[in-house]
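For the numbers below, each heavy atom of this structure counts, side chains included, while hydrogens, waters and symmetry mates do not. Note that the structure is a prediction, hence the values are computed from the model and not measured. Sequence lines set the chain letters: A, B, ... in the order given, protein chains first and strands last, and positions in each chain run from 1.
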Number of protein chains: 2
Amino acid sequence: MKTYGEYCPVAKAAEVLGDRWTLLIVRDMLFGPIGFNELARGLPGISRGVLSARIRHLQRLGLVERPDSGVGYQLSGPGRHLTDVVRVLGDWAARWIIDDPTQAELDPDLLVLWISRHLAADQLPTQKAVVAFERSGPRPGRLWLVLDPGGGSICHEDPGLDPARYVYLRGQTAALYRVYMGRSSLADERSTGQVQLSGTPALIHALPTWFTWSNFAPTVRAAAAA
Amino acid sequence: MKTYGEYCPVAKAAEVLGDRWTLLIVRDMLFGPIGFNELARGLPGISRGVLSARIRHLQRLGLVERPDSGVGYQLSGPGRHLTDVVRVLGDWAARWIIDDPTQAELDPDLLVLWISRHLAADQLPTQKAVVAFERSGPRPGRLWLVLDPGGGSICHEDPGLDPARYVYLRGQTAALYRVYMGRSSLADERSTGQVQLSGTPALIHALPTWFTWSNFAPTVRAAAAA
DNA sequence: CAGTATCCTCGAGGATACTG
DNA sequence: CAGTATCCTCGAGGATACTG
């Protein structure tokens, strides 16, 4: 990283975190240990070379380390203290900057990935259940999120489980992004028909309890209320 | 700025603040309205073209505006909320990153500029007083800080005021940087002879009350104590 | 004081293919 | 899965001189 040559903590922080992608890598490591390819998947557009260089740089600074398991990476003690930094940056942008998503930002894979990273661990179905995301609009497509008490996993093909364990979530990607970011609620989007749930009634009823949505949704809601 | 194409507040914050120099420009605007050349002086190494482009960008985003006076720039409402962001970033680096200054970071002009921006407004001398900074070491030199109740101004020539209103602060730049950043105290550096005060006794006695030092000094001290 | 205009270089990083 | 290696381009931004 280019330095500033200033003996100032703000300049130091900018040197450490100011490289392109670095802050987003830290953000994605805040959820716990994560592998190289999983990081790459969550950062569309990053090249493998850059991701590799960033991780090595963060390791050299002592902010990222190998987990005891030896696979993937995790934040070190000092790195975990970046939680506050990421939260404050995100809260600021959620309050003052963020608008509706642009067309280019409507990445359905990323959305489902993020949704799958924000699950209510204690509310998940005791028996495997499948949320089938079906997006309408310009580029229709499907994704399946398989949930069990241990968490969720994303499939690009129908996992082919018991049909009674499916719930279908249909709508435009933009509508689901709004729900995720706290610009609207699932209930609102359902009542306006932007998002439709179908499938097993018990699962339709339970689905809203599974997702906790974006960490910044409360701030977005507070900003909208102000 | 390059975008990330992600609908995420953290990515948005990184897009807005992630350009080289931007965060430091915001930092220097947090003290109140400031002019173009004054900004450039506080950011050694920035080119006038880049500074101009950054300011215009921040204006377009609505984070920076012209003060009512029409001269210089100031943060807007949303921009002022970056106070938290800058503080958290700096606190993190002050706690986990910052070390003693490197040789390249020992810029005496910048140090005196920063000292002059952190004055205890209600403790300043009622009559003009001059702090003459005399640095020893590889590149000796002098700077004069003229204080009055309205604040301070830096001179590169002896302002030639009443000699009874002078206090001389001698030492190596590194020692004064340590004091500024909270890695040591003025009293400590004086007791070890790293910094020497001479001149009018009443001013020597009063001098420690004039300076509040870096905003991050308390965090640096807390980190050292831990 | 407060910028704008021009030139020029270097390196950041995207794309891609490859390896263990 | 987890990276490394290579190529290539483009644009960021430093240096400098100039203007109102």
* Asked: Side chains of A:Glu65 and A:Gln74: do they bring a donor and an acceptor to under 3.5 Å?
  -> yes
* To do: Taking atom types as modelled, find out whether B:Ser52 and B:Arg56 have a side-chain donor-acceptor pair closer than 3.5 angstrom.
  => yes
* Rounded to the nearest angstrom, tell me the gap between atom CD in A:Glu38 and atom P in D:dA2. => 9 Å
* Which whole-number value in Å describes the distance from A:Leu39 CG to D:dC1 P? -> 12 Å
* To do: Could you let me know what D:dC7 is paired to, Watson-Crick or G-U wobble, both distances under 3.5 Å, or none if it's on its own?
  => C:dG14
* Could you state the atom-to-atom distance from CZ of B:Arg41 to P of C:dG3 in whole Å? => 13 Å
* Between C1' of D:dC1 and CD1 of A:Ile55, the distance in whole Å -> 13 Å
* To do: Rounded to the nearest angstrom, tell me the gap between atom CD1 in B:Ile34 and atom C1' in C:dG3.
  => 15 Å
* Asked: Is B:Leu51 touching bases, backbone alone, or none of the nucleic acid, heavy atoms closer than 4.0 Å?
  -> nothing
* Asked: Would one find a side-chain N or O of A:Arg56 under 4.0 angstrom from OP1 or OP2 of D:dT4?
  -> yes
* Of the candidate nucleotides D:dA12, D:dG14, C:dG14, which contains the atom at the shortest distance from the side chain of B:Arg54? -> D:dA12
* **Partner nucleotide of C:dC1 by Watson-Crick or wobble geometry (both distances under 3.5 Å)** => D:dG20
* Asked: What is the distance from NZ of A:Lys2 to P of C:dC10, rounded to the nearest Å?
  -> 12 Å
* To do: May I ask you to decide whether B:Lys12 forms a salt bridge with A:Glu105, counting only side-chain N to carboxylate O separations under 4.0 Å?
  => yes
* Which nucleotide in D:dT4, D:dG14, C:dG3 has an atom nearest any side-chain atom of B:Phe36 -> C:dG3
* On a plain distance test, is the side chain of A:Arg48 in donor-acceptor contact with the base of D:dG3 below 3.5 Å? -> yes
* Indicate whether any N or O donor in one side chain lies under 3.5 Å from an N or O acceptor in the other, for A:Arg117 and A:Asn215. => no
* Touch check for A:Gly72, heavy atoms < 4.0 angstrom, all strands: base, sugar-phosphate only, or nothing? -> nothing
* To do: Figure out the CD1/C1' separation between B:Ile25 and C:dG3, and round it to whole Å.
  => 14 Å
* **Options D:dA2, D:dG13, C:dA15, nucleotide nearest the side-chain atoms of B:Val50** => D:dG13
* Structure fact -> Rounded to whole Å, the CG-P distance (A:Leu43 to C:dA15) equals 14 Å
* So which nucleotide from D:dG3, D:dG13, D:dC1 ends up closest to the side chain of A:Asn37? -> D:dC1
* **Nearest-neighbour nucleotide for the A:Ser52 side chain, C:dC1, C:dA15, D:dG3 considered** => D:dG3
* Can you check whether A:His156 reaches A:Asp109 side chain to side chain, under 4.5 Å on heavy atoms? -> yes
* **Under 4.0 angstrom between A:Tyr73 side-chain N/O and D:dC1 OP1 or OP2** => no
* **Residue whose nearest DNA chain C nucleotide is more 5′ - B:Val71 or A:Trp21** => B:Val71
* Qualifying residues under side chain to side chain donor-acceptor pair (under 3.5 Å), relative to A:Tyr7, sequence neighbours excluded -> none
